[in-house]
Protein chains: 2
Amino acid sequence: MGKLYVVGIGPGSYENMTIRAVKAMEESTVIAGYTVYCDLVRPHFPDKEYLSTPMMGEEKRVRMALEKSAGGETVALVCSGDAGVYGLAGLAFELEKEFNGVEVEVIPGVTAAISGGALLGAPLIHDFCLISLSDRLTPIETIEKRLRAAAAADMVIVLYNPESKSRSGYLKRAAEVLLETIDGSRICGIASNIAREGEGYRVMTLEDLLTAQADMFCTVFIGNSSTTVIDGHMVTPRGYKSER
Amino acid sequence: MGKLYVVGIGPGSYENMTIRAVKAMEESTVIAGYTVYCDLVRPHFPDKEYLSTPMMGEEKRVRMALEKSAGGETVALVCSGDAGVYGLAGLAFELEKEFNGVEVEVIPGVTAAISGGALLGAPLIHDFCLISLSDRLTPIETIEKRLRAAAAADMVIVLYNPESKSRSGYLKRAAEVLLETIDGSRICGIASNIAREGEGYRVMTLEDLLTAQADMFCTVFIGNSSTTVIDGHMVTPRGYKSER
């Protein structure tokens, strides 16, 4: 019986993959995933069979990978960042039972909060939360409730999927919700195209976020009340008590 | 002038390091850090000078590494997990200005929420937050406020530093706070000694968490209202709407 690795490949570059991710792909005969992610790994693993699925639902993609595994192949289903953070690892476990005997193993990877945080400086030194602004599978009321809760509890907030072609204005709306609780001078940051061509970051205020340009290749960071800018970097201190 | 890499080495094993982390350590002449983490990397980079600091404050450790960099060395300051998540990256930026000309670069790594999540299954597929139970630098009232906020907003919660020798009973107290809002049957999990000897995981309920054994090598996961157990794994679905 085959094996399905659900592999987090990190933000995109080979260097940001873990050694374990590389080994899992080397060991696999088939690499499956969304076209963009397949294209990111193909140059490094050219001799594999690719199941590259551009316009397909997530369930169909996972099912295809599981079918290949059930046929005896070792398959690496690749996800950007970490496979367990808004990734396909959950669906793999949910669908596994339909493919008797396939073993699913999740290979952890560097998610955009982590790689984007490193690019911006050190915004995540203290408690933080990840919230996706995509309302494709989550009611917008739930998303806004979480934004308000995180702001009231003074947690650093990382926004995934801030905008896309079909969802414009979502980042502005999130900033408006946060401004109900948080002052406009709060330090924020945007990391773009992490570990890919055009990589960059911008440090700004929450007020600036209302009009900031963002797309699906951006990850947005809202600091906590202690977050500061040091030499152009976004830095959150370790704690609130001073103990040095 | 020298360079300081602040390197997240992941949960512990060589395989869970990124290629970029390995390269940064290869390039460095000095590897600095807490004894336990130095011991984890030493077998893979035996020919380095080690500044291993067992009983020293965090600021002193970072300062020592920056001093070495200022003297012209390339230094890798190693942190477990990610250097930016409760790690030393923040202090490195805060202290950098005292060491004129040292360049600080953060190398992202796989933090315990990610590696522990992969071990447990896929608990972090939807919005989640990281909260440290250590009140060494944060008032316990702030920690409990965050627990209540995350529970009310139905986010998955990952607890870092649940217990230590000097802080026993903290996990029980956190469970009590969460039980104010969340039903005792909520799915929870504990990942232990991730990627090290004695690695393991337990899936349980929030009620069980009241009496669960935990130590500083444990990471604790509290599911959201949709989290389920599939074949012994802790799995959170991608969203609340069903769209397949």
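Keep in mind that this is a model prediction, so the values were computed, not measured. Lettering of chains follows the sequences in order, A, B, ..., and the numbering in each one begins at 1.
Heavy atoms of E96(B) lying under 4.5 Å from chain A belong exclusively to its side chain. Neither the backbone nor the side chain of Y160(B) comes within contact range of chain A, judged by heavy atoms closer than 4.5 Å. In this structure, the portion of V22(A) lying under 4.5 Å from any heavy atom of chain B is its side chain and not its backbone. Proximity to chain B (any heavy atom under 4.5 Å) is restricted, for T111(A), to the side chain, taken from C-beta onward. Only the side chain of K23(B) comes within less than 4.5 Å of a heavy atom of chain A; its backbone N, CA, C and O stay farther away.
For the residue pair D135(A)/Y170(A), the side-chain donor-acceptor check at 3.5 Å is satisfied. Looking only at atom types and distance, the side chain of N224(A) has a donor-acceptor partner in the side chain of T227(A) under 3.5 Å away.
Contact count against chain B (heavy-atom pairs under 4.5 Å) is highest for I131(A) among V104(A), I131(A), I157(A). Chain B forms more heavy-atom pairs under 4.5 Å with one residue of T18(A), L88(A), I19(A), D127(A) than with any other, namely D127(A). When each of V235(A), I230(A), N16(A), V156(A) is scored by its heavy-atom pairs under 4.5 Å with chain B, the top score falls to N16(A).
Side chains of R148(A) and E144(A) form a contact here, defined as non-hydrogen atoms less than 4.5 Å apart.
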| request: Go through the steps for V62(B) and E94(B) under the test side chain to side chain contact (heavy atoms under 4.5 Å, CB included), then give the verdict. | output: CA-CA 10 Å; V62(B) 175; E94(B) 289 180 57; over 6 Å; no

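For residues 92-117 of chain A, the ring-ring contact (aromatic ring centres under 6.0 Å, His included) pairs, not counting sequence neighbours, are F93(A)-H233(B).
Scored by the side chain to side chain donor-acceptor pair (under 3.5 Å) test, S115(B) finds no partners at all (sequence neighbours excluded).
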